[in-house]
**Q** 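If you scroll down you'll find the structure; I have some questions about it.
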Amino acid sequence: MFAWGANSHAQLGLGYASEQCDKPQPLTGGEGVPFRGEEILVASAGGGHTLIGTTDGKLYACGWNNRGQLGMGHLNDCLHFELVGEYGFQQLYAGWDVSAGINAFGELFVWGSNVWQQIAVPGIKNIPTPTRLTLPDEGRVLKVAFGLQYMVVLMESGKVWVLGKCKFLANDYPAEPATNLTIRCISDRASVRDVVSGDNHLVLVIGDRKINCLGDGKHGQCLEDYTIPEDVIKLESGWTHSGCLTVNGAVYLWGRNNYGQLGLPGQFSSLPQKLRLETDDMVVKDLSLGSQHGAVVTKDGQVACWGWNEHGNCGTGGTENVWFPTVIDLPRPVSKVVCGAGFTMAFT
């Protein structure tokens, strides 16, 4: 396991807080890392915290905890990965200061900030431990995404629920009546297969290739009925840019590009641009977008990063923004990469 970038809240799990780590740092087993790399089932990185779920059902967390987003029952930051509990989460999601997990039964648990009523009823600002959330739709939950002031929940039925403060949905999707939640349902976009969120926009995959977007589009991040050339297998979003990975290992990116978020020069692109790696034989198997940077893992285990690099989050050894995907020097092949808001985690 390796980590780099912003570490002001000890979100890298290294056992200390620092302004940044501009090169990959190894995380080794022991007191600070109470699990092995091969035991990691799922991981997620947020505004300043990191969540790890292991194959035996345990949840670990480290970093920023001002709203209880680590789930530890208190509001103190954690320098090391600490055991939260055994929840059997199959998927984990970390927002700016909020978190969610889905177990094998499709049940949704939430914890962290509730300032905008994005995870619970009014009057509760923080939920410091993972708490079951029941939605009006009683089916299985497939996925969660976080905006800055709202949470998005994709159901097995294809319906999308949005909880919290989401101004761009207010006119077209009125709040559901007879519920203690500030919640809206998007059910007019056919059956949604995947969803992600930027700070103030949603990206939906309809069918295998069609992209629909809702919300702020001033930086080109909102596509309308755009068809990707290949089947989409993973959808990702930063704050004001978005992207997807296709079945053939291609990455398409669109939206804001003031820091090189799209992996090429320019200010923005309102049409998807294919990511160009150092050589044509580098095929991508995993993609992650942070707030304003991105990373991919190739089939042979190489990691390439690009975009905003103020905290060394691209792992190049400096803090200059990275305008083209650049391979990071790592001692062994990587299988998965996760980007947070200014930091990156890679798992071997």
Side-chain angles (χ1 to χ4, degrees), residues 45-47 93-98 100 113-119 143-154 159-175 182-190 192-206 210-228 232 234-244 251-264 266-273 287-294 306-308 310 321 339-342:
Y93 303 93
W96 179 252
D97 53 5
V98 63
S113 174
N114 190 51
V115 171
W116 308 104
Q117 299 174 35
Q118 64 266 52
I119 61 174
K143 189 176 182 181
V144 170
F146 288 108
L148 279 182
Q149 299 178 336
Y150 56 83
M151 176 174 68
V152 185
V153 182
L154 173 62
K159 290 182 179 180
V160 177
W161 295 94
V162 181
L163 294 80
K165 186 177 180 180
C166 190
K167 290 183 178 180
F168 64 82
L169 293 182
N171 292 332
D172 296 327
Y173 301 94
T182 303
I183 184 170
R184 307 173 192 277
C185 183
I186 301 173
S187 58
D188 64 344
R189 298 279 172 143
V192 177
R193 187 169 62 85
D194 202 354
V195 62
V196 292
S197 179
D199 62 352
N200 203 34
H201 77 286
L202 297 181
V203 184
L204 313 174
V205 173
I206 311 295
K210 183 176 288 188
I211 304 291
N212 271 194
C213 296
L214 297 164
D216 182 10
K218 64 183 178 182
H219 300 294
Q221 66 265 47
C222 273
L223 302 177
E224 185 62 36
D225 288 332
Y226 186 92
T227 300
I228 300 294
V232 174
K234 189 174 187 182
L235 195 61
E236 285 283 302
S237 186
W239 281 346
T240 50
H241 73 298
S242 301
C244 64
V251 172
Y252 293 87
L253 301 167
W254 61 94
R256 198 172 192 179
N257 194 44
N258 55 328
Y259 298 115
Q261 296 98 307
L262 306 186
L264 46 76
Q267 284 300 304
F268 73 93
S269 176
S270 57
L271 293 175
Q273 303 295 312
L287 163 71
S288 183
L289 297 183
S291 57
Q292 299 177 105
H293 79 292
W306 67 92
W308 180 54
E310 181 178 351
N321 295 329
C339 295

**Q** When rounded to the nearest 0.5 angstrom, what distance separates CD1 in Ile183 from CG in Leu169?
**A**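 Those atoms lie 11.5 Å apart.
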**Q** Run the numbers on Ile186 and Leu202 for side chain to side chain contact (heavy atoms under 4.5 Å, CB included), then give the verdict.
**A** CA-CA 11 Å; Ile186 301 173; Leu202 297 181; 3.8 Å; yes
**Q** Given side chain to side chain contact (heavy atoms under 4.5 Å, CB included), test Asn200 with Leu148 step by step and report yes or no.
**A** CA-CA 7 Å; Asn200 203 34; Leu148 279 182; over 6 Å; no
**Q** Considering non-hydrogen atoms only, spot the tightest contact between Trp161 and Cys185 and give its length.
**A**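 So the two residues come closest at CZ3-CB, 3.5 Å.
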**Q** Which pairs would a plain distance check flag for residues 216-223, meaning a side-chain donor or acceptor within less than 3.5 Å of a matching protein atom at least two apart in sequence or in another chain?
**A**
| residue | atom | partner | partner atom | Å |
| --- | --- | --- | --- | --- |
| Asp216 | OD1 | Lys218 | N | 3.1 |
| Gln221 | OE1 | His219 | N | 2.9 |
| Gln221 | NE2 | Asp216 | O | 3.1 |

**Q** Can you tell me how far the CD1 atom of Ile206 sits from the OG1 atom of Thr227, to the nearest 0.5 Å?
**A**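 Rounded to the nearest 0.5 Å, the CD1-OG1 separation comes to 11.0 Å.
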**Q** Evaluate Asn212 against Glu224 for side chain to side chain contact (heavy atoms under 4.5 Å, CB included), listing each step before the verdict.
**A** CA-CA 5 Å; Asn212 271 194; Glu224 185 62 36; 4.3 Å; yes
**Q** Heavy-atom count around Lys210 NZ within 6.0 Å, excluding the residue itself: above 12?
**A**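 No, the 6.0 Å shell around NZ holds no more than 12 heavy atoms from other groups.
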**Q** Looking at OG of Ser197 and CD of Gln149, how far apart are the two atoms once the value is rounded to the nearest 0.5 Å?
**A**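 Atom-to-atom, Ser197:OG and Gln149:CD are 11.0 Å apart.
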**Q** Can you tell me if Asn257 uses its side chain to pair, donor with acceptor, with the backbone of Gly266 under 3.5 Å?
**A**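 Yes: the side chain of Asn257 pairs with the backbone of Gly266.
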**Q** May I ask you to test the Trp254-Ser242 pair for a side-chain heavy-atom distance under 4.5 Å?
**A**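 Heavy-atom side-chain distance check passes, below 4.5 Å.
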**Q** Tell me the closest heavy-atom pair linking Gly294 and Cys339, and the distance in Å.
**A**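 Minimum heavy-atom contact is C-SG, 4.2 Å.
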**Q** Just verifying a value: how many Å separate His241 NE2 and Leu253 CG, rounded to the nearest 0.5 Å?
**A**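 The distance works out to 6.5 Å.
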**Q** Strictly distance-based, threshold 3.5 Å: is any side-chain N or O of Lys143 a donor or acceptor partner for the main-chain N or O of Asp194?
**A**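 No, Lys143 side chain to Asp194 backbone: no donor-acceptor pair under 3.5 Å.
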**Q** Over 60° means perpendicular and under 30° means parallel, so tell me whether Tyr259 and Trp308 are parallel, tilted or perpendicular.
**A**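 Because their plane-to-plane angle lies in the 30° to 60° range, the rings of Tyr259 and Trp308 count as tilted.
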**Q** Between atom SG of Cys213 and atom CZ of Phe168, what is the distance when rounded to the nearest 0.5 Å?
**A**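 Rounded to the nearest 0.5 Å, the SG-CZ separation comes out at 10.0 Å.
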**Q** Quick one: pull up CG in Asn258 and CD in Gln292 and give me the separation to the nearest 0.5 Å.
**A**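 It is 6.0 Å, given to the nearest 0.5 Å.
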**Q** Using the test salt bridge (charged side-chain N to carboxylate O under 4.0 Å, His left out), find all partners of Asp199 that sit at least two apart in sequence or belong to another chain.
**A**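 Listed in chain order: nothing, the list is empty.
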**Q** For the residue pair Trp306 and Gly260, what are the closest heavy atoms and their distance?
**A**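 Taking every non-hydrogen atom into account, CD1-O, 3.2 Å.
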**Q** Might you work through the side chain to side chain contact (heavy atoms under 4.5 Å, CB included) test for Val144 and Met151, ending with a clear yes or no?
**A** CA-CA 7 Å; Val144 170; Met151 176 174 68; 3.8 Å; yes
